[in-house]
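If you read the sequence from its start, that first residue is 1, and numbering goes on from there.
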Amino acid sequence: MIRVVCPGSFDPVTNGHLDIIGRSARLHDEVIVAVLRNISKTTLFTVEERVEMLREVTKEHPNVRVEHFNGLIVDFCRAHDVAAIVKGLRAVSDFDYEMQMAQMNYNQAGVETMFMTTNPLYAFLSSSLVKEFARYGGDVAGLVPEPVLRKLTERLATQ
Ligand code: PNS
């Protein structure tokens, strides 16, 4: 039984995240999507909203579940008997920091990290850019799942 974790802020989940989650679900017995409750960062969506959106857009994968976490991802891995962290790598610019985190997590807790190459369709995509474009009237349909687009439009309209 191989259980892996896909961690992130997911503020909000994008099609790039979903691609990595879906491909991980095909390769492993169970995938936990772990949503960071980040107290030091201002987020557009609460952690409960981010979890709810993720549950909705991953419901077609029976072996994916969504949880939130605080603190260190390696502690979450230990508590949930997780074999490895799965991360998407979009470009060389992601590499340095991801490598550093992977080595720190292995050094501190023996937790492995596996990298998947992002689908080139989504190589430029990030939650921050989606929010910025959506905020100023950009068309982000096709970059986020439909239920997320709806929530994003609603939220930005109230700001
Ligand atoms: O979507 P993000 O914000 O790029 O995801 C980053 C995340 C949540 C995966 C990373 O910051 C993380 O694992 N944070 C939890 C705290 C932690 O374990 N920090 C040490 C990493 S070496």
Side-chain angles (χ1 to χ4, degrees), residues 3-70 73 76-77 80 82 84-102 105 113-159:
R3 179 183 295 134
V4 297
V5 67
C6 290
S9 303
F10 303 105
D11 186 44
V13 57
T14 68
N15 285 346
H17 294 128
L18 261 192
D19 177 62
I20 297 290
I21 294 166
R23 285 159 61 202
S24 294
R26 284 195 285 279
L27 288 176
H28 303 103
D29 299 307
E30 189 178 11
V31 176
I32 307 179
V33 181
V35 184
L36 179 64
R37 181 194 290 275
N38 198 337
I39 44 170
S40 62
K41 208 162 125 182
T42 309
T43 53
L44 183 62
F45 295 101
T46 66
V47 72
E48 290 78 15
E49 290 170 328
R50 287 178 273 145
V51 165
E52 190 188 312
M53 282 188 273
L54 272 156
R55 287 195 175 136
E56 182 167 2
V57 301
T58 58
K59 61 182 181 217
E60 75 196 67
H61 304 293
N63 60 338
V64 172
R65 66 188 164 100
V66 185
E67 308 286 351
H68 72 265
F69 76 106
N70 301 301
I73 189 62
F76 181 92
C77 291
H80 293 82
V82 166
I85 297 167
V86 175
K87 291 283 195 79
L89 274 186
R90 288 169 297 195
V92 181
S93 49
D94 282 343
F95 186 79
D96 284 348
Y97 187 51
E98 289 297 343
M99 183 82 163
Q100 199 181 357
M101 282 199 285
N105 287 333
T113 300
M114 295 188 294
F115 293 111
M116 295 183 98
T117 51
T118 296
N119 183 327
L121 282 176
Y122 306 124
F124 58 91
L125 194 49
S126 71
S127 299
S128 314
L129 276 184
V130 163
K131 283 182 284 191
E132 191 168 334
F133 272 76
R135 180 168 283 126
Y136 297 109
D139 180 7
V140 297
L143 303 181
V144 293
E146 207 277 323
V148 173
L149 182 65
R150 233 179 311 120
K151 291 255 184 212
L152 188 58
T153 310
E154 272 168 33
R155 179 59 43 90
L156 292 173
T158 64
Q159 285 200 325

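Residue pairs meeting the side chain to side chain donor-acceptor pair (under 3.5 Å) criterion with at least one partner in residues 140-159, sequence neighbours excluded, are E49-R155, R135-Q159, E146-R150.
Rounded to the nearest 0.5 angstrom, H68 NE2 and E48 CD are separated by 7.0 Å. To the nearest 0.5 Å, the span separating OG1 on T117 from CG on D19 amounts to 9.0 Å. A distance of 10.0 Å separates OH in Y136 from CG in L156, rounded to the nearest 0.5 Å. Expressed to the nearest 0.5 Å, how far CG of L44 lies from CG of D11 amounts to 5.5 Å. Taken to the nearest 0.5 Å, the CD atom of Q100 stands 10.5 Å off from the CG atom of N105. Note that CD1 of I73 and SG of C6 are 10.0 Å apart. Values are rounded to the nearest 0.5 Å.
For V66 against V35, the heavy-atom pair with the smallest separation is CG1-CG2, 4.0 Å. For the pair K87 and P7, the tightest heavy-atom approach, listed with the atom from each and the gap, is CE-CG, 3.7 Å. Minimum interatomic distance between N119 and R23 (heavy atoms only, all atoms of both residues): N-NH1, 3.7 Å. Shortest non-hydrogen contact noted between F45 and P12 is CE1-CB, 3.9 Å. Contact detail for T118 and G88: the closest heavy-atom pair is OG1-C, 4.0 Å. Nearest heavy atoms, R90 versus S126: NH1-CB, 3.4 Å.
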side-chain contact (heavy atoms from CB on, under 4.5 Å) between R50 and T43, worked out: CA-CA 10 Å; R50 287 178 273 145; T43 53; 3.8 Å; yes
Could you go step by step and tell me if I39 and N70 meet the side-chain contact (heavy atoms from CB on, under 4.5 Å) rule? CA-CA 9 Å; I39 44 170; N70 301 301; 5.8 Å; no
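Between H61 and V31 there is no side-chain heavy-atom pair separated by less than 4.5 Å. Contact of the F76 side chain with the V5 side chain is registered, since non-hydrogen atoms from C-beta on lie closer than 4.5 Å. Counting only heavy atoms from C-beta outward, the side chains of L143 and T14 never approach each other to under 4.5 Å. You'll find the side chain of R3 reaches within 4.5 Å of the side chain of R65, heavy atoms only. Side-chain contact between S127 and H17 is present, with at least one heavy-atom pair separated by less than 4.5 Å. Side chains of V86 and H28 form a contact here, defined as non-hydrogen atoms less than 4.5 Å apart. Looking only at side-chain heavy atoms (C-beta outward), L18 and P145 come within less than 4.5 Å of each other. Looking only at side-chain heavy atoms (C-beta outward), P147 and V57 come within less than 4.5 Å of each other.
Residues passing the salt bridge (Lys or Arg N to Asp or Glu O under 4.0 Å) test with D29: none are found, sequence neighbours excluded. Under the salt bridge (Lys or Arg N to Asp or Glu O under 4.0 Å) criterion, E132 pairs with no residue, sequence neighbours left out.
For CE of M99, the number of neighbouring non-hydrogen atoms (other residues, nucleotides, ligands) closer than 6.0 Å is 12 at most. Taking a 6.0 Å sphere around CZ of F124, one finds it holds more than 12 heavy atoms contributed by other residues, nucleotides or ligands.
The backbone N or O of G142 sits less than 3.5 Å from a side-chain atom of N15, completing a donor-acceptor pair.
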